[in-house]
Amino acid sequence: MNQVILLDSGPLGLVTNPKLSAESLACTQWLQTLVSSGSRVIIPEIADYEVRRELLRANKVKGIARLDELNQLLEYLPITTAAMRQAALFWAQARQQGQPTAGDKTIDGDIILVAQAVTIIDANVAIATTNVGHLSRFVAADLWQNIKVS
């Protein structure tokens, strides 16, 4: 069974960043390896939103173009009602347990990302991220560098 990898905004931002750094080049190579191996790589709508809003704010036209190109090459996962209802449940549970993932007045993109992940019916789903902490409480998540072709 091939992997199903959801890209969090960290790796998605690295791949679309027009300023080429060693880390962004390494992340791009990692992504190319996953795709060429047959892994199912998905851009969740919430991650697209988080990266896109910053590219728009900074007027990074090349980055926006790269994000749009990537959205054409990879699978895109729209936010659904089911995902938002699951996100609301996770948000409430985290607060009831005294372990919120963000402030009470924030939209909490991490919880929406987790909810999008659990709506995918596949046992081999993982989120590739730069910040494992909040995500791994709810779903398989790891630093993008640690996710290897299986």
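The figures that follow rest on heavy atoms only: side chains count, while hydrogens, waters and symmetry mates do not. Please read these numbers as outputs of a predicted model, since none were measured by experiment. Just so you know, residue 1 is the first one in the sequence shown, and it goes up from there.
- When hydrophobic clusters are built by joining Ile, Leu, Val, Met, Phe, Trp and Tyr residues whose side-chain heavy atoms come closer than 4.5 Å, directly or via intermediates, Trp91 is grouped together with Tyr49.
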Step by step, would you call Asp48 with Asn71 a side chain to side chain donor-acceptor pair (under 3.5 Å)? CA-CA 9 Å; Asp48 178 277; Asn71 275 314; 2.7 Å; yes

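- The side chain to side chain contact (heavy atoms under 4.5 Å, CB included) with Val15 is formed by just one residue from the set Thr28, Leu74, Leu67; it is Thr28.
- Taking Ile, Leu, Val, Met, Phe, Trp and Tyr as hydrophobic and joining them when side-chain heavy atoms fall under 4.5 Å apart, one finds Leu20 in a cluster with Leu25.
- Annotation: the span from Gln86 atom CD to Thr81 atom OG1 amounts to 13.0 Å, rounded to 0.5 Å.
- Residues forming a salt bridge (Lys or Arg N to Asp or Glu O under 4.0 Å) with Arg40 (at least two apart in sequence, or on another chain): Glu75.
- With hydrogens and angles disregarded, a donor-acceptor distance shorter than 3.5 Å links the side chain of Trp30 to the backbone of Trp144.
- Residue Val51 is not grouped with residue Ile46 when hydrophobic side chains (ILVMFWY) are merged at heavy-atom distances under 4.5 angstrom, including chains of intermediate members.
- Both Phe138 and Leu135 belong to a single network of hydrophobic side chains, linked directly or stepwise wherever heavy atoms of I, L, V, M, F, W or Y lie under 4.5 Å apart.
- Here Asp142 pairs with nothing under the salt bridge (Lys or Arg N to Asp or Glu O under 4.0 Å) rule; sequence neighbours left out.
- Here the closest non-hydrogen pair linking Ser136 and Ala141 is N-CB, 4.1 Å.
- Not a single donor-acceptor pair under 3.5 Å links the side chain of Glu23 to the backbone N or O of Leu14.
- Linking Ile, Leu, Val, Met, Phe, Trp and Tyr whenever their side-chain heavy atoms come within less than 4.5 Å leaves Val139 and Val41 in two separate clusters.
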Worked check of side chain to side chain contact (heavy atoms under 4.5 Å, CB included) between Ile120 and Ile42: CA-CA 11 Å; Ile120 297 173; Ile42 301 173; 3.7 Å; yes

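- Annotation: the span from Thr119 atom OG1 to Arg85 atom CZ amounts to 14.0 Å, rounded to 0.5 Å.
- Separating the CD atom in Gln32 from the CG atom in Leu73 is a distance of 10.0 Å, to the nearest 0.5 Å.
- Nearest heavy atoms, Ala140 versus Val125: CB-O, 3.5 Å.
- Tyr76 and Val118 are not part of a single hydrophobic cluster, where members link through side-chain heavy atoms under 4.5 Å apart.
- When atom types are taken as modelled, the side chain of Thr129 and the backbone of Asn131 share a donor-acceptor pair closer than 3.5 angstrom.
- Between Ala115 and Ala83, the shortest heavy-atom distance links the atoms CB-O, 3.1 Å.
- Residue Ser9 holds its OG atom at 8.0 Å from CZ of Arg53, rounded to the nearest 0.5 Å.
- Not a single side chain to side chain donor-acceptor pair (under 3.5 Å) links Thr16 to another residue, sequence neighbours left out.
- By the 4.5 Å heavy-atom criterion applied to side chains, Ile127 and Val132 are not counted as neighbours.
- Annotation: the span from Gln116 atom CD to Leu6 atom CG amounts to 7.0 Å, rounded to 0.5 Å.
- The main-chain N or O of Asp8 is never found under 3.5 Å from a side-chain atom of Glu50 such that the two would form a donor-acceptor pair.
- Looking at Ile43 and Leu77, their side chains never come closer than 4.5 Å, going by heavy atoms from C-beta outward.
- Taking all atoms of both residues into account, the shortest heavy-atom contact from Pro11 to Ala128 is CG-O, 3.3 Å.
- Between Pro44 and Leu113, the closest heavy-atom pair is CG-CD1, 3.4 Å.
- Applying the side-chain hydrogen bond (donor to acceptor under 3.5 Å, both in side chains) test to pairs two or more places apart or on separate chains, those with a residue in residues 55-67 are Glu54-Arg57.
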Begin from the C-alpha positions of Ile147 and Gln3 and carry the test side chain to side chain contact (heavy atoms under 4.5 Å, CB included) through to its verdict. CA-CA 10 Å; Ile147 297 177; Gln3 294 175 289; 3.7 Å; yes

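- Evaluation of the side chain to side chain donor-acceptor pair (under 3.5 Å) rule for Gln145 yields no partner, not counting sequence neighbours.
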